[in-house]
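Sequence lines set the chain letters: A, B, ... in the order given, protein chains first and strands last, and positions in each chain run from 1.
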Amino acid sequence: AQSVAQPEDQVNVAEGNPLTVKCTYSVSGNPYLFWYVQYPNRGLQFLLKYITGDNLVKGSYGFEAEFNKSQTSFHLKKPSALVSDSALYFCAVRDVFRDDKIIFGKGTRLHILP
Amino acid sequence: EAQVTQNPRYLITVTGKKLTVTCSQNMNHEYMSWYRQDPGLGLRQIYYSMNVEVTDKGDVPEGYKVSRKEKRNFPLILESPSPNQTSLYFCASSISGQYSNQPQHFGDGTRLSIL
């Protein structure tokens with residue numbers, strides 16, 4: 001069965017420092033991987049995705065993510081954090097060989113400290 | 001503007017009183033889905049629809065009904081709501097279930113409280 005894990009419920013980072021939000025996955029075939037962000041009182045917004053090709057994917061608001069097949073990970077990164085990056089982040093996976101039910105992680109709350 | 005619209009945004013009601021949460025998208029998307037979001041559990045899929053008149057159960061369908069009579073609308077129905085259905089609900093859509101590399105567009109959520 002496919003699954004996705006976000007091992008940290010919360011991540012605290014000082015403004016200006018690099019940030020990483022971790023995500024690992026398990027699928028039977030090749031994965032489609034996504035990151036979404038949720039701001040207070042809003043729905044999820046798409047940040048970036050990995051389908052195939054270059055393992056480093058660039059997305060919105062300066063975020064990027066690195067696909068690592070051997071470690072089955074898709075960590076979200078940003079070189080320099082902003083206070084406005086504080087939000088709830090969700091990793092999601094779709095197994096290419098299954099039906100179209102996407103699976104979301106439980107979310108990681110990112111706090112950027114001024 | 002491309003969007004997914006949910007109504008109402010907030011609702012407080014009582015056990016057993018039927019309610020409907022509407023969802024509408026203006027992007028001509030084939031795929032639509034309902035999720036509930038609970039603390040510590042993340043997003044869990046309730047029902048999804050690959051196209052008009054085609055619906056399927058997600059991971060937590062018990063106590064919910066959906067319909068997809070038109071492409072743009074995907075209402076969520078709670079026939080006899082119970083307190084354990086108190087949650088934050090999201091509707092989402094994407095271009096097509098076949099093209100599953102496409103991201104989903106989410107509504108702003110409906111916060112339901114069942115007393």
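Following chains of ILVMFWY side-chain contacts shorter than 4.5 Å, one cannot reach Y35(B) starting from I46(B), and the two form parts of different hydrophobic clusters. Placement of F67(A) and V27(A) within a single hydrophobic cluster is found when ILVMFWY residues are connected by side-chain heavy-atom separations under 4.5 Å, directly or transitively. One hydrophobic cluster, built from ILVMFWY side chains closer than 4.5 Å, cannot hold both L47(A) and I102(A); they sit in different ones. Hydrophobic cluster membership is shared by I103(A) and V21(A), with clusters built from Ile, Leu, Val, Met, Phe, Trp and Tyr side chains linked at under 4.5 angstrom. Hydrophobic clustering places F63(A) together with Y39(A) (ILVMFWY residues linked when any side-chain heavy atoms are closer than 4.5 Å, directly or through intermediates).
The stretch residues 107-115 of chain B places G107(B), D108(B) near chain A, each with some heavy atom under 4.5 Å from a heavy atom of that chain.
Of all heavy-atom pairs spanning R94(A) and Q104(B), the tightest one is NH2-NE2, 4.0 Å. Here the closest heavy-atom approach between residue G40(B) and residue K106(A) is recorded as O-CD, 3.3 Å. F46(A) and P103(B) get closest at one heavy-atom pair: CD1-CB, 3.3 Å. Shown here for N41(A) and R9(B), the closest heavy-atom pair between the two residues is O-NH2, 3.3 Å.
Interatomic distance, F104(A) CZ to R44(B) CZ, rounded to the nearest 0.5 Å: 14.0 Å.
Interface remark: of the candidates D59(B), D38(B), D56(B), L43(B), L43(B) forms the most heavy-atom pairs closer than 4.5 Å to chain A.
Neither the backbone nor the side chain of Y50(A) comes within less than 4.5 Å of any heavy atom in chain B. Only the side chain of Y10(B) comes within contact range of chain A, judged by heavy atoms closer than 4.5 Å.
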Go through Q38(A) and F90(B) one step at a time and tell me if the side-chain contact (heavy atoms from CB on, under 4.5 Å) criterion holds.
-> CA-CA 12 Å; Q38(A) 184 182 24; F90(B) 289 100; 3.1 Å; yes
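Sequence neighbours left out, not one pair with a member in residues 19-39 of chain A passes salt bridge (Lys or Arg N to Asp or Glu O under 4.0 Å).
Only one option out of L33(A), I51(A), T52(A) pairs with N101(B) in a side chain to side chain contact (heavy atoms under 4.5 Å, CB included); it is I51(A).
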